[in-house]
Amino acid sequence: MPLRMKTELSEKLFAKAKQSIPGGVNSPVRAFKSVGGTPPFIVRAKGAYVYDADGNEYLDYVGTWGPAILGHAAPEVLTDLHYAMKNGLSFGAPTPKEIDLAEKVKELVPSIDKVRFVNSGTEATMSAIRLARGYTKRDKIIKFDGCYHGHADYLLVKAGSGAETCGVPDSAGVPKSFTEHTLSARYNDLESVQAVLEANKNEVACVIVEPIIGNMGCIPPQEGFLQGLRKLCDEHKTLLIFDEVMTGFRVALGGAQELYGITPDLTCFGKIIGGGLPVGAYGGRADIMACVAPEGPVYQAGTLSGNPLAMAVGLKTLTMLSEGKGKVYKELERKGALLEEALQAALDRQKVTAQINRVGSMFSVFFADHPVNTADDARKANGETFNQLFHYYLERGVYVAPSAFEAGFISLKHSDEDLLRTTEVFEGFLEQILS
Ligand code: KE4
């Protein structure tokens with residue numbers, strides 16, 4: 001396994017970036033704060049690989065945090081993007097492509113009667129919560145410790161992902177009054193949800209949940225948890241919002257709601273729905289969506305919402321994923337299972353205890369001798385060992401998220417050889433920490 005060639009250029013670029021951009025990055029988790037070291041400045045991506053300014057090649061399990069499910073720069077997607085670009089970049093007016101993508105989303109996700117496109121997952125969750133409050137005329141919301149739903153002020157409460165990684169799950173700059181309506185419960189613990197609902201009877205507008213947590217590492221729902229959430233929300237006339245920004249079109253063509261057979265009242269999308277261009281979306285029941293301006297009184301807007309380039313790329317991505325009626329997801333499951341079995345076999349050979357959590361092509365390895373079913377379980381895993389693995393991987397051309405509180409993603413372009421090579425590097429790390 002050749003060690004990384006050099007990093008001088010990325011180091012120079014990082015120093016230069018820090019002079020103009022806070023922390024040198026446009027999103028905190030990219031800065032390698034928790035793992036240490038210098039982030040490679042990526043200049044090109046193709047298939048399962050990304051390439052940095054120093055010419056190093058990496059097998060990519062970040063996948064631009066989820067969108068690159070087809071592999072980077074899929075030729076078919078680029079063709080549609082080039083065609084769209086020739087007609088202009090943005091019109092600030094309704095366009096036919098928005099209808100095509102909206103109809104595709106409705107076809108793939110039956111719980112969606114109507115959908116509104118925005119520009120990020122944060123906008124999607126922000127807007128869905130405002131809509132839930134407007135529809136129910138209630139103010140309080142319930143989120144889960146460790147779930148991350150973007151950086152809206154009132155959602156930065158016990159938030160996962162970069163907030164957890166940077167140690168600011170309750171960010172500075174958010175007035176206490178902004179979070180007084182944000183209640184927190186524990187994921188995979190229905191009793192904690194019931195207690196909060198009972199203590200705030202008829203005051204909770206919505207429960208928002210990552211149906212599979214991806215922002216504390218990958219934590220799947222335990223049997224009955226999501227069904228229990230659905231039942232509790234019905235009993236309390238509280239809306240159930242699935243934040244499928246990460247799981248949407250990732251774990252199944254219809255997302256986690258298809259996988260687990262749950263119908264949420266509203267769903268938020270991001271990442272894959274834009275195929276790598278900035279698209280977020282929220283949608284759901286017609287009677288709720290009828291409250292969204294200009295039809296109804298809940299205001300939400302955006303200059304670049306429905307951008308024709310992003311619509312073209314998102315539509316091509318979902319169209320390619322839906323070819324062969326779920327064939328793609330059988331292949332992603334096969335790849336995921338192959339990697340999981342190979343990693344587990346390496347752990348067994350080296351007699352190292354770790355937890356591999358996986359749903360389809362999203363996964364995490366926790367260095368823990370206990371199951372990881374909650375945010376606290378994830379926090380108790382050995383972060384130092386993760387950080388060592390991170391750098392061992394990076395030096396050998398395997399690029400995983402620079403935080404133990406993120407999920408890894410396999411794309412359709414990760415070959416079996418790529419996955420097995422990953423395991424060889426992983427086993428080399430295990431041997432090293434044992435020596
Ligand atoms: P964006 O605003 O970053 O598009 O989406 C926010 C968001 C909402 N909901 C879920 C479940 C999410 O995972 C995210 C964003 N995910 C993180 C990675 N875990 C984005 C990466 C980053 O913050 O740089």
Side-chain angles (χ1 to χ4, degrees), residues 21-35 39 42 60-69 117-129 141 143-166 168-169 171 187 206-221 241-251 255-257 264 266-282 302 304-305 307 310 314 359 362-364 375 378 399-409:
I21 305 168
V25 292
N26 284 304
S27 199
V29 71
R30 304 176 192 172
F32 278 27
K33 268 195 90 160
S34 70
V35 295
I42 304 302
D60 179 21
Y61 286 102
V62 178
T64 178
W65 304 96
I69 191 169
F117 294 115
V118 292
N119 301 283
S120 69
T122 293
E123 272 192 271
T125 57
M126 255 171 64
S127 310
I129 288 169
I141 67 171
K143 76 174 288 292
F144 291 89
D145 174 19
C147 280
Y148 177 72
H149 303 291
H151 62 88
D153 282 339
Y154 52 81
L155 287 171
L156 289 174
V157 171
K158 297 188 180 181
S161 182
E164 182 80 23
T165 304
C166 295
V168 285
S171 173
Y187 184 81
C206 63
V207 171
I208 184 165
V209 66
E210 290 185 61
I212 301 159
I213 296 187
N215 288 297
M216 284 303 289
C218 175
I219 305 180
I241 300 180
F242 267 19
D243 176 350
E244 297 226 41
V245 166
M246 192 182 290
T247 56
F249 318 107
R250 165 61 63 180
V251 296
Q257 56 195 271
L266 292 172
T267 303
C268 304
F269 297 105
K271 299 180 192 281
I272 293 175
I273 197 170
L277 291 198
V279 180
Y282 64 101
L304 296 174
S305 297
N307 173 277
V359 181
M362 70 185 269
F363 68 97
S364 289
Y399 187 67
V400 300
S403 161
F405 302 119
E406 296 291 351
F409 300 105

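Basis for what follows: all heavy atoms, side chains included, without hydrogens, waters or symmetry-related copies. Each ligand, and each atom within it, is numbered from 1 in the order the structure gives.
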> Side chain of S34, backbone of P402: donor and acceptor closer than 3.5 Å?
Replying inline: yes
>> Please check: side-chain N/O of E244 versus main-chain N/O of Q257, any donor-acceptor pairing under 3.5 Å?
In response: yes
>> Which residue and atom name correspond to the protein heavy atom nearest atom 3 (O) of ligand 1, and how close is it?
In response: T122 OG1, 4.6 Å
>> What protein heavy atom lies closest to atom 22 (C) of ligand 1? Include the residue and the distance to one decimal.
In response: S27 OG, 3.3 Å
>> Please confirm whether K271 approaches ligand 1 to less than 4.0 Å, judged on its heavy atoms.
In response: yes
> What are the two closest heavy atoms between S161 and E406, and how far apart are they?
Replying inline: OG-OE2, 2.8 Å
> Do you know the tightest heavy-atom contact between V62 and F409?
Replying inline: O-CD1, 3.3 Å
>> Is any side-chain heavy atom of C218 closer than 4.5 Å to one of I213?
In response: no
>> Just verifying a value: how many Å separate N307 CG and F117 CZ, rounded to the nearest 0.5 Å?
In response: 12.0 Å
> Which ligand 1 atoms, with their elements, are less than 4.0 angstrom from a heavy-atom of S161?
Replying inline: 17 (C), 18 (C), 19 (N)
> Counting from 1, what ligand 1 atoms have a heavy atom of W65 closer than 4.0 Å?
Replying inline: 18 (C), 21 (C)
> So which protein heavy atom does atom 9 (N) of ligand 1 come closest to, and at what separation?
Replying inline: D243 OD2, 2.7 Å
>> With a 3.5 Å distance limit and no angle check, can you tell me whether K143 reaches the backbone of K158 through a side-chain donor-acceptor pair?
In response: yes
> Quick one: which ligand 1 atoms are inside 4.0 Å of a heavy atom on E210?
Replying inline: 11 (C)
> Counting heavy atoms only, which of G150, A407, G160 is nearest atom 6 (C) of ligand 1?
Replying inline: G150
> Please state which protein non-hydrogen atom is closest to atom 18 (C) of ligand 1 and give its distance, to 0.1 Å?
Replying inline: E406 OE1, 3.4 Å
> Nearest protein heavy atom to atom 10 (C) of ligand 1, by residue and atom, and its distance?
Replying inline: Y148 O, 3.3 Å
>> Need the ligand 1 atom indices (1-based, order shown) with element for anything under 4.0 Å from a heavy-atom of S120.
In response: 2 (O), 4 (O)
> Using a heavy-atom cut-off of under 4.0 Å, does the side chain or the backbone of H149 touch ligand 1, or both, or neither?
Replying inline: backbone
> Starting from atom 13 (O) of ligand 1, which protein heavy atom do you reach first, and at what distance in Å?
Replying inline: N215 ND2, 3.0 Å
> What protein heavy atom sits nearest atom 4 (O) of ligand 1, and how far off is it?
Replying inline: G121 N, 2.9 Å
